[in-house]
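Comments concern the structure below.
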Amino acid sequence: MSRLYKFLDLEEVNRPFMADIRSALDRVALSGRYVGGPEVETFERMLADMTGTRHAVGVSNGLDALRMIFRALILLGRLQPGDEVLVPANTYIASVLAVTDAGLRPVPVDIDAYTSNMTAGAVMRAIGPRTRAVLPVHLYGRACWDDELKEIISENNLIVVEDNAQAIGAVATSAGLISSSCHTGALGHAAAFSFYPTKNVGALGDAGAVTTCDDELAAAVRALSNYGSDRRYHNIYAGFNCRLDPLQAAVLCVKLPHTDDVNASRQAVADTYLRHISNPLVELPAPSKDGNCVWHQFVVRTAMRDSFREYLAANGVQTDINYPVPPHLQPCYAESMAAVSAPVAELMSQRLLCLPVSACTSVDDAVEISAIINRYSEK
């Protein structure tokens, strides 16, 4: 094996930013302000401006971002315990954990194999008398939003909470319900971001954020994430400690301005795969349309995933699987979701494989990986 095509190497990903990151960390260390403060405030302004929303609230991670949104919607009386939230059946379990944490009922919706996202038609079929909200997950970096989905949501007066953990910088084909922005993170009533280190824009640890154009919702999320406090020693909610660390905020202030460049690099690699992979045993994802996918993952599908993955590994190509088990089949939900039927999501989980697409992969690498894939044959 002459070459190793890394799936992800975070030291390599962060190397171009490291001098500025060190300077930012020193600035925080010397400031004497280690909770909240100007670094967090600057990051929040930058993220709100990027998405076209009025508010961004930094929180501890992506799961807590979702948790704070749903908890706030409950406290504000916009959702009630037992209300149903439609979620895609193939999402990461964090999307579902946030729903059940708030006492709401997740209803998994099957997905389209080509885009990996739930469709407007599937959402329409899943709406029942207790449906109050939809959680579009912009999975693998692809915006789950179009005119048809927007119309169905509007007609049924549903609350939209975006899971934007994987799609920072993506642009949908339609504007949001409230905002005129087409950026993911501004399409619904609120959105959750994750800045886990492996994301397109990653911190050096856990970090997350909530964006919204709703003043009341933003204030509730901010209070909930800070012990339920709206000012010092005055707690209006029984809250949590889910604040964004200023060290992580400082790192994100360095990396956030480079979002478009990072996503463009991933787009170039994805475009190369789409042009060069031509193996009938390997199904390709839908291409990006006007920036609606930022390629957090480049996911191919094959009925012979195990042997295909072994073949790639033997030829130096590292891969990953996101995600091998849908939430409704996980042990913690297997009983409560025993009646769920999501055949496409379940089949996808058995066939999908993620190819290298990060800053560790060049266009030339993608050409070579494509040639390796094209030589794969059924044994």
Side-chain angles (χ1 to χ4, degrees), residues 24-25 27-51 53-81 83 85 94-95 97-104 133 135 159 161-165 178 185-186 188-196 203-253 256:
L25 294 178
R27 186 173 64 246
V28 176
L30 294 171
S31 73
R33 184 68 186 271
Y34 306 134
V35 176
E39 302 292 345
V40 174
E41 293 166 2
T42 298
F43 162 72
E44 290 176 340
R45 286 196 300 271
M46 291 173 67
L47 184 61
D49 289 344
M50 172 188 286
T51 56
T53 54
R54 283 204 299 270
H55 304 280
V57 181
V59 296
S60 44
N61 55 65
L63 172 57
D64 284 340
L66 284 170
R67 289 176 64 231
M68 295 305 97
I69 293 170
F70 284 114
R71 290 276 184 161
L73 290 169
I74 292 280
L75 287 170
L76 295 174
R78 303 183 194 179
L79 291 174
Q80 303 295 327
D83 284 347
V85 181
S95 309
L97 290 173
V99 175
T100 57
D101 175 73
L104 302 165
L135 180 62
I159 293 171
V161 177
E162 297 172 74
D163 185 333
N164 198 38
I178 301 169
H189 297 89
F193 287 72
S194 169
F195 298 97
Y196 188 75
L204 298 189
D206 273 322
V210 172
T211 55
T212 183
C213 287
D214 186 318
D215 299 346
E216 187 179 35
L217 185 58
V221 167
R222 190 175 296 281
L224 274 171
S225 64
N226 187 32
Y227 296 97
S229 173
D230 62 344
R231 61 182 186 273
R232 195 177 186 202
Y233 300 134
H234 188 261
N235 302 79
I236 55 176
Y237 305 124
F240 307 87
N241 179 6
C242 297
R243 298 172 298 208
L244 175 63
D245 189 314
L247 288 166
Q248 301 300 344
V251 171
L252 292 170
C253 286
L256 208 58

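Residues take their numbers from the sequence shown, with the count starting at 1.
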(request) Would you confirm whether D214, through its side chain, and H189, through its main-chain N or O, come within 3.5 Å as a donor-acceptor pair? (result) no

(message) Does any part of the side chain of D215, heavy atoms only, come nearer than 4.5 Å to the side chain of R54, both counted from C-beta?
(response) yes

(message) Please report the interatomic distance SG(C253) to CD(Q248), rounded to the nearest 0.5 Å.
(response) 11.5 Å

(message) Quick check: closest heavy atoms across R67 and D101, and the distance to 0.1 Å?
(response) NE-OD2, 3.2 Å

(message) Distance check, rounded to the nearest 0.5 Å: E162 atom CD versus T212 atom OG1?
(response) 10.0 Å

(message) Check whether T211 reaches the backbone of G185 with its side chain - one donor and one acceptor, N or O, closer than 3.5 Å.
(response) yes

(request) Measure the spacing between OH of Y196 and CG of L63 and express it to the nearest 0.5 Å. (result) 13.0 Å

(request) Look up atom CG in L217 and atom CG in L75, then write down how far apart they are to the nearest 0.5 Å. (result) 10.5 Å

(request) Compare every heavy atom of A218 with every heavy atom of V57, then report the nearest pair and how far apart it is. (result) CG2-O, 4.0 Å

(message) With rounding to the nearest 0.5 angstrom, report the CG to CZ distance, L66 to R71.
(response) 13.0 Å

(request) Could you tell me which non-hydrogen atom of G58 sits nearest to which non-hydrogen atom of L244, and how far apart they are? (result) C-CB, 3.5 Å

(message) Tell me whether D64 contacts the main-chain N or O of N61 through its side chain, where contact means a donor paired with an acceptor under 3.5 Å.
(response) no

(request) Would you sort out whether V161 and L73 count as a side-chain contact (heavy atoms from CB on, under 4.5 Å), showing the intermediate values? (result) CA-CA 10 Å; V161 177; L73 290 169; 3.9 Å; yes

(message) Restricting to side chain to side chain donor-acceptor pair (under 3.5 Å), what partner residues turn up for S95, sequence neighbours left out?
(response) T91, D163

(request) For residues A207 and L252, report the shortest heavy-atom separation together with the two atoms involved. (result) CB-CD1, 4.0 Å

(request) Identify the two heavy atoms, one from A72 and one from L224, that lie closest to each other, and give their separation to 0.1 Å. (result) N-CD1, 3.5 Å

(message) Is the shortest side-chain heavy-atom distance between F193 and T51 below 4.5 Å?
(response) yes

(message) For the backbone of R243 and the side chain of S225, can you confirm whether one donor and one acceptor N or O come within less than 3.5 Å of each other?
(response) no

(request) Go through the structure and list residues passing side chain to side chain donor-acceptor pair (under 3.5 Å) with D245, not counting sequence neighbours. (result) none

(message) Do F70 and V85 make a side-chain contact, defined as non-hydrogen atoms from C-beta onward lying under 4.5 Å apart?
(response) yes

(request) Would you mind reporting whether I74 and P81 have side-chain heavy atoms less than 4.5 Å apart? (result) yes

(request) Provide the closest heavy-atom pair for F195 versus G208 in the form atom of the first, atom of the second, distance. (result) CD1-CA, 3.9 Å

(request) Could you tell me the separation between the CD1 atom of I159 and the CG atom of L135, rounded to the nearest 0.5 Å? (result) 12.0 Å

(message) Does any part of the side chain of P246, heavy atoms only, come nearer than 4.5 Å to the side chain of R33, both counted from C-beta?
(response) no

